[in-house]
Amino acid sequence: MALKLSARGVGHGYCALTIARGDCSLGDSGTLGGKAERSLIACKSACLSCERCAVVSFSARNHDCSWYAYCRLDDLRRPPKNAPDYTTVQVKKTPGSLATLWPPSMQSHVPLVVALTTTVAPNARSTCALVQWCERTTLFARVLRALSWTVDVLIMREPAHAVSSSECPGVAQVDLDPQLIHATRRCEAKTPVSGDSHPRRMAPILKFGAVALWKYDLVVFTDTDVALLPEGDLETSAARWAAMAPAFLNASWLEFISNSDYMSPVNGGVWIVKPSSRRYAEGL
């Protein structure tokens with residue numbers, strides 16, 4: 001639930017979850033540890049030394065000084081029960097967009113069209129993970145857009161299972177192909193059910209819908225519990241994608257990239273594909 005602004009430039013609550021320090025030169029959020037956790041004054045002082053920091057959320061009880069480049073102080077998150085003292089303060093003006101900060105030498109000369117996507121199940125557990133996925137994937141999309149790419153963040157879902165726009169603001173929702181949904185149901189009906197089987201045990205097959213996103217040069221699929229920027233290293237990530245993605249597209253023999261895991265040759269939680277109507281029809 002959003003909390004109202006209590007005074008000019010100060011709010012009760014916090015902006016969003018933060019995990020690591022982040023990048024003060026190119027990032028959008030992070031944590032300021034050490035002395036910054038001791039008091040709100042120390043937290044604000046640390047923000048002044050962080051180039052991209054404009055807003056801080058501080059809690060003495062939670063030993064937290066989190067910084068943000070962007071934050072609506074009239075739409076803060078409710079503090080957890082163990083840290084009701086969260087206070088958010090506007091310290092500086094909001095910085096410029098990420099694209100204007102990116103050196104021209106880092107920008108790709110190939111204007112790609114990319115989709116970052118996931119699928120969701122209609123349950124509360126999936127929704128909780130989805131909120132963080134949307135935040136992190138939106139940041140990753142901004143990194144790729146700074147390379148002069150067109151990047152869309154999409155949620156693939158069954159038509160009857162729409163996601164609330166408040167959970168993922170600005171993220172588009174795409175209906176899965178009814179033929180794929182029907183094929184998944186047929187697989188579920190034919191597969192023997194064990195005692196611990198989930199009734200939607202074949203739901204991962206719906207991820208194949210990413211292959212049908214034909215208007216994109218490439219599609220990056222991740223499960224909702226995957227962070228595309230786990231260390232918050234934006235510059236390194238952009239440099240790697242600027243080099244890797246055009247090479248992937250130019251390799252005519254390469255259509256799909258994934259790691260293996262201990263259960264199968266393909267880790268279905270993270271993969272990249274060149275969308276193809278022919279491959280999609282073959283898969284169905």
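Taking Arg279 as the reference, Glu255, Glu282 meet the salt bridge (Lys or Arg N to Asp or Glu O under 4.0 Å) condition, with sequence neighbours excluded. For Asp223, the side-chain contact (heavy atoms from CB on, under 4.5 Å) test picks out Lys207, Phe221, Asp225, Val226, with sequence neighbours left out. Evaluation of the salt bridge (Lys or Arg N to Asp or Glu O under 4.0 Å) rule for Asp152 yields no partner, not counting sequence neighbours. Listed by chain and residue number, nothing satisfies the ring pair (Phe, Tyr, Trp, His ring centres under 6.0 Å) test with Tyr216 (two or more places apart in sequence, or in another chain). Residues satisfying the salt bridge (Lys or Arg N to Asp or Glu O under 4.0 Å) test with Arg136, not counting sequence neighbours, are none. For Gln173, the side chain to side chain donor-acceptor pair (under 3.5 Å) partners at least two apart in sequence or on another chain are Arg157. Among residues two or more places apart in sequence or in another chain, the side chain to side chain donor-acceptor pair (under 3.5 Å) test is passed with Thr87 by none. The side chain to side chain donor-acceptor pair (under 3.5 Å) search around Asp64 returns Ser66, Tyr86, not counting sequence neighbours. In this structure Phe208 satisfies the ring pair (Phe, Tyr, Trp, His ring centres under 6.0 Å) test together with Tyr280, sequence neighbours excluded. For Tyr68, the side chain to side chain donor-acceptor pair (under 3.5 Å) test picks out no residue, with sequence neighbours left out.
Side-chain polar atoms of Ser57 and Thr88 form a donor-acceptor pair below 3.5 angstrom.
In this structure, Lys215 does not pair ionically with Asp217, as no charged nitrogen and carboxylate oxygen lie closer than 4.0 Å.
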Assess whether salt bridge (charged side-chain N to carboxylate O under 4.0 Å, His left out) is satisfied between Arg185 and Glu158, documenting all intermediate values. CA-CA 12 Å; Arg185 298 288 186 274; Glu158 297 180 51; 2.6 Å; yes
Where do Leu130 and Cys168 land on the side chain to side chain contact (heavy atoms under 4.5 Å, CB included) test, with the steps shown first? CA-CA 8 Å; Leu130 183 62; Cys168 289; 3.6 Å; yes
Evaluate the side chain to side chain contact (heavy atoms under 4.5 Å, CB included) criterion for residues Val220 and Val273: first the C-alpha distance (whole Å), next the side-chain angles of each, then the deciding distance (0.1 Å), finally the verdict. CA-CA 7 Å; Val220 182; Val273 67; over 6 Å; no
For Ile155 and Val174, run side chain to side chain contact (heavy atoms under 4.5 Å, CB included): C-alpha distance rounded to whole Å, both residues' side-chain angles, the deciding distance at 0.1 Å, then the answer. CA-CA 6 Å; Ile155 297 173; Val174 178; over 6 Å; no
Cys71 vs Leu76, side chain to side chain contact (heavy atoms under 4.5 Å, CB included): CA-CA, chis, key distance, verdict: CA-CA 8 Å; Cys71 177; Leu76 299 176; 3.6 Å; yes
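The main-chain N or O of Ile181 is never found under 3.5 Å from a side-chain atom of Gln179 such that the two would form a donor-acceptor pair. Put simply, the side chain of Asp177 never gets that close to the backbone of Gly209: no donor and acceptor are under 3.5 Å apart. At least one donor-acceptor pair closer than 3.5 Å links the side chain of Arg145 to the backbone N or O of Val151. Looking only at distances, no side-chain donor or acceptor of Arg72 sits under 3.5 Å from a matching main-chain atom of Tyr70.
Two different hydrophobic clusters hold Phe256 and Val270 under the rule that ILVMFWY side chains link at heavy-atom gaps under 4.5 Å.
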Taking only distance into account, with no hydrogens and no angle test, what donor-acceptor pairs under 3.5 Å do side-chain atoms of residues 35-48 form with protein atoms, sequence neighbours excluded?
{"from": "Ser39", "atom 1": "OG", "to": "Ala42", "atom 2": "N", "distance (Å)": "3.1"}

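To the nearest 0.5 angstrom, Leu32 atom CG is 9.0 Å from Thr18 atom OG1. Separating the CG atom in Asn82 from the OG atom in Ser59 is a distance of 7.5 Å, to the nearest 0.5 Å. Distance check, rounded to the nearest 0.5 Å: CH2 of Trp214 to CZ of Arg278 gives 13.0 Å. Rounding to the nearest 0.5 Å gives a distance of 8.5 Å between CD of Glu51 and SG of Cys24.
A 4.5 Å side-chain heavy-atom check between Val219 and Thr117 finds at least one atom pair inside the cut-off. The shortest side-chain heavy-atom distance between Leu112 and Thr150 does not fall under the 4.5 Å cut-off. Side-chain contact between Leu73 and Val55 is present, with at least one heavy-atom pair separated by less than 4.5 Å. Put simply, the side chain of Arg52 does not reach to within 4.5 Å of the side chain of Ser25, judged on heavy atoms. Between Ser258 and Ile272 the shortest side-chain heavy-atom distance does not fall below 4.5 Å. Looking at Leu17 and Gln132, their side chains come closer than 4.5 Å, going by heavy atoms from C-beta outward. Inter-residue side-chain proximity for Leu228 and Thr137 is flagged as met; some heavy-atom pair is nearer than 4.5 Å. Using a 4.5 Å heavy-atom threshold, the side chains of Thr222 and Leu116 count as separate.
Of the candidates Val113, Ile257, Leu213, Leu249, Leu249 is the only one forming a side-chain contact (heavy atoms from CB on, under 4.5 Å) with Leu218. Checking Trp241, Trp133, Trp149 one by one against Phe140, the ring pair (Phe, Tyr, Trp, His ring centres under 6.0 Å) holds for a single residue, Trp241.
The shortest non-hydrogen separation linking Glu135 to Ala16 is OE2-CB, 4.0 Å. The minimum heavy-atom distance between Ala238 and Leu147, with the atom names listed, is O-CD1, 3.7 Å. Summarising the geometry of Val171 relative to Val153, their closest heavy-atom pair is CG1-O, 3.4 Å, with the distance given to 0.1 Å. Taking all atoms of both residues into account, the shortest heavy-atom contact from Trp67 to Cys53 is CB-SG, 3.5 Å. Among all heavy-atom pairs drawn from Leu206 and Leu180, the shortest one is O-CD2, 3.7 Å.
Within the structure, side-chain hydrogen bond (donor to acceptor under 3.5 Å, both in side chains) contacts touching residues 268-277 (residues at least two apart or in different chains) do not occur.
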